A.B. asks: 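Take a look at this one; I'll ask things after.
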Amino acid sequence: MPQEGPAPSKPPRIILGIGGGIAAYKSAELARLLVQRGYSVQPVMTESATRFITPLTLASLTHSKVITGLFASPEDASATLSSAIEHIDVALEHDILVVAPATANLLAQFAQGLASDFLTTTHLAFTGPVLLAPAMNTNMWNHPATQANLNLLASRGYHFVGPDAGDLACGMVGPGRLADPAAIADAVTALWNRKRDLEGETILITAGPTQEAIDPVRVIANRSSGKMGYAIAEKAAARGARVILVSGPVAIPAPPGVELVRVESAEQMKNAVLQHLEPASIFVSVAAVADYRPANPADQKIKKTASLLSIELEPTTDILAEVGRNKGDRLVIGFAAETQNLAAEGKRKLESKNCDMVVANRVGPDGTGFEGDDNEVLLITRNKEPKPVPRASKREIAGHILDAITDLRLSRKAAEL
Ligand code: CTP
């Protein structure tokens, strides 16, 4: 699967999507360059792309069967079924989706999540990075609808190369010309290398809630779903890191390729963290660890009475602060779940727990930021203005957090030189 990433020595497997524009002929040169770099290339052409360049040209250059349209043979029911499933296989078996030329129509379809043919359907099923090389007439490029689609796709983390400005096939001069195939191939290589930027790192992540026993059947817990920590684990593994995920009880599956250590209480989480800390070059404390636990959990189930019941609570160990105290040259990243004063509280926790970065997020009484699929965070580092990351899926936010972590790592390496 794209999230897992292939073995480091393996070259990337590219889906080359080709849209129907005059620049489609340049996709042949792009295919040639990608193959020359040792990449495996699966061309997927829209119906109209086949009018500008023949599938045979692409097949000859890539030594792959070229996929066009959606269904192999409309009269053949079994072929229809297998082709309908094939787009999922194509999506799962490749690492990067490159679309060149990405026409105005394709950009609109991608932005809207339409699935009208093999390419747009594969795009929807694909979870890896997408690189778009737009090409179109200048007026189409400048149209507010196209610009809005581009902005939307950019905010979702799509990557772009071009378009260049210059003489267009339609006779106009301006932006809209497909980027040079060599520049597109370079962008693919940069994307692939970037995606492996955590190779050699071991990341220890805590995630989810903890449960503190009141008696054998009752616990004190919180609303954390684990989604944010699991998303970071998934993305870090995809970017080449060894990931050890210490998780409290959650309802979501462990990401592929991640070493999962299940715990329940804050005490168990602390022990698991200390046990796995040694190889970790990066510690990311996402878990919503209970600050207090019942001081004297009952051995037997507490029986109901008419009177008030008090439970005496004692503080738990602050795992993040403990790791921060003995951090060595490890990068330590904390989270700050706040209902108010995000920046100030995040900064305070950055200092008090000796972190290199604190990711502050707002939690609401309804569980926003805890249970939802989206998040909106503030990245707080030393000597820099806090960086807001606007609302996005937790997977996308995870990518931004890992980018910030690699930036911290790079600036530390630069300072050492
Ligand atoms: N944390 C931890 N161990 C604890 C409590 C918190 O490792 N016993 C970590 C969390 O994983 C998070 C950071 O500390 O990375 C901040 O957690 P948060 O609950 O926001 O802050 P607290 O320090 O508990 O402070 P408060 O609850 O007063 O806001």
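Basis for what follows: all heavy atoms, side chains included, without hydrogens, waters or symmetry-related copies. Keep in mind that what you see is a predicted model, and the values were worked out from it rather than measured. Every number for a ligand or one of its atoms is a count from 1 in the order of the listing.
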A.B. asks: Below 3.5 Å, N or O to N or O, backbone or side chain included: is there any such pair between Val286 and ligand 1?
C.D. replies: no

A.B. asks: Do Leu320 and ligand 1 have an N or O pair less than 3.5 Å apart?
C.D. replies: yes

A.B. asks: Could you tell me whether the side chains of Thr406 and Asp403 share a donor-acceptor contact shorter than 3.5 Å?
C.D. replies: no

A.B. asks: Is the shortest N/O to N/O distance between Glu345 and ligand 1 below 3.5 Å?
C.D. replies: no

A.B. asks: Do His123 and Tyr158 have ring centres separated by under 6.0 Å?
C.D. replies: yes

A.B. asks: What are the atoms of ligand 1, with element, lying closer than 4.0 Å to any heavy atom of Gly334?
C.D. replies: 15 (O)

A.B. asks: Nearest protein heavy atom to atom 12 (C) of ligand 1, by residue and atom, and its distance?
C.D. replies: Phe335 O, 3.0 Å

A.B. asks: Output the distance between atom CD (Glu351) and atom CD1 (Ile380), rounded to the nearest 0.5 Å.
C.D. replies: 10.5 Å

A.B. asks: Mark whether atom 17 (O) of ligand 1 lies under 4.0 angstrom from at least one protein heavy atom.
C.D. replies: yes

A.B. asks: How long is the span from the CD1 atom in Ile53 to the NZ atom in Lys26, to the nearest 0.5 Å?
C.D. replies: 12.0 Å

A.B. asks: Drop me the distance from Arg293's CZ to Thr317's OG1, to the nearest 0.5 angstrom.
C.D. replies: 6.5 Å

A.B. asks: Could you measure the distance from the CG atom of Leu245 to the OH atom of Tyr230? Nearest 0.5 Å is fine.
C.D. replies: 5.0 Å

A.B. asks: At a 4.0 Å threshold, what atoms of ligand 1 neighbour a non-hydrogen atom of Ser285?
C.D. replies: 7 (O), 9 (C), 10 (C), 11 (O), 12 (C), 15 (O)

A.B. asks: For atom 4 (C) of ligand 1, which protein heavy atom lies nearest, and how many Å away is it?
C.D. replies: Val289 CB, 3.5 Å

A.B. asks: Would you say Glu47 and Thr68 are linked by a side-chain donor-acceptor pair, where the criterion is simply a distance under 3.5 Å?
C.D. replies: no

A.B. asks: Can Glu322 and Lys353 be counted as an ion pair, charged N to O under 4.0 angstrom?
C.D. replies: no

A.B. asks: Within a reach of under 6.0 Å around CD of Glu314, are more than 12 heavy atoms found that belong to other residues, nucleotides or ligands?
C.D. replies: yes

A.B. asks: If you measure from each heavy atom of Thr317 to ligand 1, is any distance below 4.0 Å?
C.D. replies: yes

A.B. asks: Do Glu212 and Ser265 get their side chains close enough for a donor-acceptor pair, meaning under 3.5 Å?
C.D. replies: no

A.B. asks: So for ligand 1, is Thr206 a polar contact partner (N or O within less than 3.5 Å, distance only)?
C.D. replies: no

A.B. asks: Can you find an N/O atom of Ala287 closer than 3.5 Å to an N/O atom of ligand 1?
C.D. replies: yes

A.B. asks: Spell out, as yes or no, whether a donor-acceptor pair under 3.5 Å connects the side chain of Ser352 to the backbone of Arg348.
C.D. replies: yes

A.B. asks: Among all protein non-hydrogen atoms, which one is nearest to atom 27 (O) of ligand 1, and what is the separation to 0.1 Å?
C.D. replies: Asp291 OD2, 3.1 Å

A.B. asks: Nearest to atom 1 (N) of ligand 1, what protein heavy atom do you find, and at what distance?
C.D. replies: Asp318 OD1, 3.8 Å

A.B. asks: Determine whether any heavy atom of Ala337 lies closer than 4.0 Å to an atom of ligand 1.
C.D. replies: yes

A.B. asks: Quick one: does ligand 1 sit under 4.0 Å from the side chain of Ala288, the backbone, both or neither, non-hydrogen atoms only?
C.D. replies: neither

A.B. asks: Can you find an N or O of Glu338 that's nearer than 3.5 Å to an N or O of ligand 1?
C.D. replies: no

A.B. asks: Would you say that more than 12 heavy atoms from the other residues, nucleotides or ligands in this model lie under 6.0 Å from the OH of Tyr25, or not?
C.D. replies: no

A.B. asks: What atoms of ligand 1 come within less than 4.0 Å of a heavy atom belonging to Ala336?
C.D. replies: 20 (O)

A.B. asks: With a cut-off of 4.0 Å, which atoms of ligand 1 are near a heavy atom of Lys353?
C.D. replies: 6 (C), 13 (C), 14 (O), 16 (C), 22 (P), 23 (O)

A.B. asks: In terms of atom number and element, which parts of ligand 1 are under 4.0 angstrom from non-hydrogen atoms of Ala290?
C.D. replies: 8 (N)

A.B. asks: Applying a heavy-atom cut-off of 4.0 Å, say which part of Ile319 lies close to ligand 1: side chain, backbone, both or neither.
C.D. replies: both

A.B. asks: So among Ile14, Leu58, Ile67, which one has a side-chain contact (heavy atoms from CB on, under 4.5 Å) with Gln42?
C.D. replies: Ile67

A.B. asks: Working to the nearest 0.5 angstrom, can you tell me the gap between Leu97 CG and Leu132 CG?
C.D. replies: 7.5 Å

A.B. asks: Under 4.0 Å, counting heavy atoms only: does Ala321 come that close to any atom of ligand 1?
C.D. replies: no

A.B. asks: Any nitrogen or oxygen of Lys349, main chain or side chain, under 3.5 Å from a nitrogen or oxygen of ligand 1?
C.D. replies: yes

A.B. asks: Yes or no: does Thr316 have any heavy atom under 4.0 Å from an atom of ligand 1?
C.D. replies: yes

